[in-house]
Amino acid sequence: MPRYNPAVIEPKWQAYWESNKTFRTPEMPAGEKVYILDMFPYPSGAGLHVGHPEGYTATDIQSRYWRMRGKSVLHPMGYDAFGLPAEEYAILHNVPPRVSTETNIATFTRQLKDLGFSYDWDRCLATTDKEYFRWTQWIFLLLFDTWFDLEQQRGRPIAELAVPADVVAQGQDAVALFRDKHRLAYQGEALVNWCPGLGTVLANEEVIDGKSERGNHPVQRMPLRQWMLRITAYGDRLISDLDGLDWTLGIKKLQSDWIGRSTGAEVDFPIVSPSEFPSWQNNRIGQLFQDSIPDDVLRIYTTRPDTLYGATYMVIAPEHPAVKKVTTTDSAAAVKQYCDAATFKSDRDRTDGDKRKTGVFTGAYAINPVTFKPIPIWIADYVLIGYGTGAIMAVPAHDERDFEFAKAFNLSVECVVEPPQHESDRDKILNGDRCFTGAGLALNSGSLNGLGTQEALDRIIAELTANGVARQAINYKLRDWLFSRQRFWGEPFPILHELDASGKPTGIIRAVDVKDLPVDLPQLEDYKPHGRPEPPLAKADDSWLYVTIEGKRYRRETNTMPQWAGSCWYYLRFIDPKNSSAIVDREKEKAWMPVDLYIGGAEHAVLHLLYARFWHKVLFDRGYVSQTEPFHKLVNQGMILGEVEFTGFKTLDNQWVSTVHTEKGETGFVHTKTKELLSTVSVADSEVTKVGDNFVLVSDPSIRIDSRAHKMSKARGNVVNPDSVVSEYGADSLRLYEMFMGPLEATKPWSTTGVNGVRNFLDRVWRLMVDTHAEENRLVDCIQDIAPTAEQNRVIHSTIMAVTRDIESLSFNTAIARMMEFVNFFTKETVRPRQGMESLVLLLSPYAPHMAEELWQALGNDHSLAYQPWPNFDESLTRSSEMEVPLQINGKLRAKLVVPADSNAEQLEHAARNHEKLAEWLDGKQIVKAIVVPGRMVNFVIK
RNA sequence: GCCAAAGUGGCGGAAUCGGCAGACGCGCUGGACUCAAAAUCCAGUGUCCUUAACAGACGUGUGGGUUCGAUUCCCACCUUUGGUACCA
């Protein structure tokens, strides 16, 4: 047989697997199941990136391993294909997004198949498939049909929502609007990034410094009718259910911080004159705190109601509805100017860079409901309209932000929490010259005086609740999910807006009947934005846009769903991809869920995983899935960087500058002292050397050189294309290399010589078994049907043991190292027992499946090894009869001792005391203590 | 600023429980084979000092600590990477 040639072997086995449907998954698991899932890719025009095969190989190894261990394995692949790039491409080239998407999917599929992944391709799906998004729309309708019962903490059908009698009395339309307000999918006004220059709405990521990323046009924030999903209702469950998941603590914390639950109180501050206050207060006593905010108050949210006595001013967000109402005529001009400026800043810009506080006084005052004193109402953009009530009480003595603002605008600071004795700067704090945010004893706080922070908190909430001016409240940093996009290439909403005789919306909406799903996208001639903040679907023909049902005319919803929608439930569809009567068959769902192992990039740690968990919980509440959580174990693979590069810096007159004297300026790297712009120069390996911890120029060691791996990017020109790696080294080498680079979770640099190294290993495996000099298929003569020697057995069985253990703990790099040791050992053996060779082939098969199949065939087997039982090991054969034990004196290694492996502590100590090399160390010394760990070491403590 | 992860040879990395630091691979050096080269095979390869050799000292970002013994545990600090950004 000839030399190892992946270009021949790999297509051969890919064709074999495909035509034999080797990896077809049964409808229902037979015996134990395991569901192993990749985060499916967005099929971009650039094709597969070397980052993709990293996670995909890891899951493929797991899948192939568990098949050989006899489990039913579900291992599917699909495409997250709705989204912006296809639409941008359409605008640029006038190609319908569906066409470019299908081209890209074909490329991705070809590339994935070239890598030999064992997906059940019959289950492949794309979120853009009509039969798929039909069910995405169906789930939206389920969200639309669900309200959240706070008492029961679960979603229930909208029909079960109790409608108050006074609403019922107002008639059918009132009832409909009441229900619409409680649905998990509801319409609301939300601020969007409207870019008049581009004539479109932009995502937050597309806005940089208040300008559009493309074209640098100003972007304005304006409210627009949007579909929202009430994810906040599930906030508590999304936090508490993290407990049972096998995810890293880091990701769990990230999610729980993102949800950001806080507890505190809502408090009403009346906007009345001091003389009106007593009557306002009297009216409130004994009253229930209302959901709707009365006209004469500012409602605030605080986590520290115990500091209420220290509230010396109030701040409302520039977008707060009360701005117009409270602003006095004298302040009107300044207020308008400030608020207008704020609309041109995104949340991010407001907080970016220096944190100098800005604000403007409204001229108005509110009454502090505990001190009864009037306090000024300010407008400042450090208060966000989207959190809490969009208004705060400012307690500068005990909140850093308020303190900064108070100092900037010379507002009074009153200390109401006495810091503990050990706190530094106590006097300053008590004088209001420093801010203190910790817990302490209440001070200058009426009935709270002397109470600890927690007691004061409980007491004040109780008092104010009794007085009808406050109530306990919970808030989340997490906002309701803005679910609509003013884009073409997404799922249309299955929603109709009723029109009156003149064609105006009546405000009444209805869901498209389930039997009429899917609502397909209309054909459009032109995808370009039209200059109004309105979605492109509004340009569809009337035949698509308008619908008449039971004599009423409706206009279709023209927003589309965001890219997240399709990825929220694809893991369910893989279980039953062809089902035409349900999202997934309930029995199959019960049998296959949850996903046992989910591997993907860390960039989805928050949003995708949070959104999918939310949908899953709604499906659970409504009885469509059997478990509360979809993804049992989650692993994030690390990023693969480009090759390590050495970079030096030079001035314009070509003088080297050591990296010690460089820093990042606005337009590039500059000299620390002169601020002169420097050019970066790539330096060859041979021109640098390491001195101490740094690399320096060989020609001038005073010049330090930067050494690092950068993210792969087109601009830098360090992108590695998997296709070219496959054609040069083979898919098995690529797979093996990506697993050998280091731990799966780690960020690691690419290295072409490293790929060469694993290819070299595969060549050695080949030559271990195949006679490369023979013309025909022939094994080497060393392979014999003979029992392994004890030493060979030790290698065989300890390799099986280690590789098995490492595969289960996802430590693929060390598993490969063990197989290399195996090959190094047997290469030297002139007699190679067939059984040992077969074990190696099976161990290697999840990593390098093509080569393994080829060798398996060469060893005389006539069908695929995909379901061949995983080799067993006998632990007793891994142990040798003798072992080497280190001997230490005072913890330092001084000698080594060969003893029978089963020596006990006594024998070990005895042998150690008589070891001739230790004699010189022990001579004239006294052994104070002997530490003997059988099978490990001996240590004598001497004096 | 805050949160998280990580710092080990020339490089990527390894080291189940606190017990021989540097497995495995790359690179490098030498040797065998060859007319020669490639390929392959074999051997060596942390630093320093010394030696004919054995041996020895130092060594896992830095500084402390706990321990018979620390890459591993504790404290403080430095650096890098990723995330986050006034959430009251």
Side-chain angles (χ1 to χ4, degrees), chain A residues 3 248-251 253-254 257-258 260 262 264 300-304 307 315 347-348 350-353 355 357 380-384 386-395 398-402 404-405 475-479 602-603 605-606 638-639 641 644 685 688-690 693 695 707-709 737 740-743 745-758 760-761 763-764 767 772 802 805 809 811 813-821 824 827-828 884-896 917 920 928-931 933 935-942:
Chain A
R3 295 169 33 155
T248 59
L249 283 175
I251 300 254
K253 194 169 179 311
L254 217 58
D257 286 352
W258 186 270
S262 75
I300 61 97
Y301 170 72
T302 176
T303 54
R304 289 291 300 275
T307 61
V315 185
D347 272 358
R348 197 180 209 124
R350 288 187 191 182
T351 57
D352 253 3
K355 290 195 175 173
K357 299 277 185 289
D381 62 9
Y382 82 91
V383 171
L384 307 173
Y387 184 78
T389 58
I392 63 156
M393 67 172 193
V395 185
H398 307 291
D399 182 287
E400 296 282 0
R401 298 149 301 183
D402 298 344
E404 278 175 41
F405 190 82
N475 258 296
Y476 300 91
K477 277 206 245 181
L478 180 72
R479 311 292 156 81
E603 65 274 21
V606 177
M639 204 191 326
L641 305 174
V644 173
D685 298 18
V688 296
T689 183
K690 196 164 190 182
D693 285 337
F695 284 93
S707 157
R708 67 178 64 214
Y737 173 65
F740 189 59
M741 292 172 88
E745 286 104 322
T747 301
K748 40 210 177 264
W750 186 266
S751 152
T752 302
T753 53
V755 188
N756 211 26
V758 294
N760 199 23
F761 162 66
D763 279 322
R764 280 163 68 84
R767 288 194 301 268
T772 52
R805 185 195 58 210
S809 63
S811 306
N813 52 334
T814 49
I816 295 166
R818 298 310 295 259
M819 292 189 273
M820 288 173 167
E821 287 180 89
N824 290 345
T827 296
K828 291 184 187 122
E884 201 182 51
V885 174
L887 304 182
Q888 302 176 350
I889 301 286
N890 288 343
K892 291 200 169 167
L893 178 73
R894 293 302 178 196
K896 287 176 182 181
K917 248 208 199 135
E920 54 186 285
V928 182
K929 200 173 170 188
I931 295 123
V933 185
R936 281 283 187 197
M937 44 72 70
V938 178
N939 184 19
F940 291 122
V941 184
I942 63 167

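Values reported hereafter were calculated over all heavy atoms of this structure, with side chains retained and with hydrogens, waters and symmetry mates removed. In the text below, chain A, chain B and the rest are named by the order of the sequence lines, each starting its count at 1.
Taking 3.5 Å as the limit, the base of B/C68 and the side chain of A/Lys929 contain no donor-acceptor pair of atoms between them.
Counting any heavy atom pair closer than 4.0 Å across all strands shown, A/Met820 reaches sugar-phosphate atoms only and no base atom. Residue A/Glu745 is out of contact with every strand shown, counting any heavy-atom pair closer than 4.0 Å. At the heavy-atom level, A/Ser262 lies under 4.0 Å from the strands shown only through sugar-phosphate atoms. Among the atoms of the strands shown, none is found under 4.0 Å from any heavy atom of A/Ser751. Backbone-only engagement by A/Glu821 is indicated by non-hydrogen atom pairs under 4.0 Å involving sugar-phosphate atoms exclusively. Among the atoms of the strands shown, none is found under 4.0 Å from any heavy atom of A/Gly388.
To the nearest angstrom, P of B/C2 lies 15 Å from CG of A/Asp257. Rounded to a whole Å, the NZ atom of A/Lys253 is 8 Å from the P atom of B/C3. When the P atom of B/A14 is taken as reference, atom CE of A/Met741 falls 13 Å away, rounded to whole Å. Rounded to an integer number of Å, the gap from NZ of A/Lys690 to C1' of B/G27 is 14 Å. A/Phe740 places its CZ atom 10 Å from the P atom of B/A14, with the value rounded to the nearest Å. Rounded to a whole Å, the CG atom of A/Leu893 is 16 Å from the C1' atom of B/A70. Atom CD in A/Gln888 sits roughly 13 Å away from atom P in B/C68 (whole-Å rounding). If you take CZ of A/Phe940 and C1' of B/C20, they are 16 Å apart, rounded to a whole angstrom.
Remark: the separation of the C1' atoms in B/G61 and B/U8 is 10 Å, to the nearest Å. Taking the P atoms as reference points, B/A14 lies 16 Å from B/C73, given to the whole Å. Spacing between B/U71 and B/G7 at atom P, rounded to whole Å, works out to 14 Å. With C1' as the reference atom, B/A70 and B/G56 are 23 Å apart, rounded to whole Å. B/G69 sits 15 Å from B/A21 when the P atoms are compared, rounded to a whole Å. Atom C1' of B/U60 sits at a distance of 9 Å from the matching atom of B/G22, rounded to the whole Å. The gap from the P atom of B/G44 to that of B/A23 amounts to 12 Å, rounded to the nearest Å. Separating the P atom of B/A39 from that of B/U62 is a span of 39 Å, rounded to the nearest Å.
Residues A/Val758 and A/Ala391 each lie close to RNA chain B; by heavy-atom proximity, the contact nearer the 5' end of the strand is made by A/Val758.
Taking a pair to require two hydrogen-bonding distances under 3.5 Å in either a Watson-Crick or a G-U wobble arrangement, B/U40 pairs with B/A32. Summarising the base pairing, B/G22 is matched to no nucleotide, lacking a Watson-Crick or G-U wobble pair whose two defining distances lie under 3.5 Å. In this structure B/G27 sits in a base pair with B/U45, meeting the Watson-Crick or G-U test at under 3.5 Å. Both distances falling under 3.5 Å, in either a Watson-Crick or a G-U wobble arrangement, place B/A76 opposite B/U62. The nucleotide B/U71 finds no pairing partner, because no Watson-Crick or G-U wobble arrangement with both distances shorter than 3.5 Å includes it. Nucleotide B/G82 forms a pair with B/C3, judged by Watson-Crick or G-U wobble geometry with both contacts under 3.5 Å. Base-pair partner of B/U16: not found among the strands shown (Watson-Crick or G-U wobble, both distances under 3.5 Å). In this structure, B/A53 makes no Watson-Crick or G-U wobble pair, since no nucleotide meets both defining distances under 3.5 angstrom.
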**OP:** Take A/Ile392 and A/Asp402, measure what side-chain contact (heavy atoms from CB on, under 4.5 Å) needs, and give me the verdict at the end.
**Re:** CA-CA 10 Å; A/Ile392 63 156; A/Asp402 298 344; 3.5 Å; yes
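Nearest to the side chain of A/Ile931, among B/A88, B/C86, B/G19, sits B/G19. Distances were taken from every side-chain heavy atom of A/Leu384 (C-beta onward) to each of B/U16, B/G19, B/A88; the shortest belongs to B/A88. Listed candidates were B/A88, B/A14, B/G19. Nearest to the side chain of A/Thr302 is B/A88. Side-chain proximity of A/Phe695 to B/C11, B/C86, B/A88: nearest is B/C11.
For B/G59, neither phosphate oxygen OP1 nor OP2 lies less than 4.0 angstrom from any side-chain nitrogen or oxygen of A/Lys892. Using a 4.0 Å cut-off, no side-chain N or O of A/Thr248 falls inside it from OP1 or OP2 of B/A5. OP1 or OP2 of B/A14 sits under 4.0 Å from a side-chain N or O of A/Asn813. Taking 4.0 angstrom as the limit, A/Arg708 places none of its side-chain polar atoms (N or O) nearer than this to OP1 or OP2 of B/C11. At the phosphate of B/A85, neither OP1 nor OP2 sits under 4.0 Å from any side-chain N or O atom of A/Lys477.
Without hydrogens or angle criteria, A/Lys748 side chain to A/Pro743 main chain gives a donor-acceptor distance under 3.5 Å.
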Original post:
Reading nucleotides 37-50 of chain B from the 5' end, what letters show protein touch, with B for base, S for backbone sugar-phosphate only, - for no heavy atom under 4.0 Å?
Top reply: ---SSSS-------
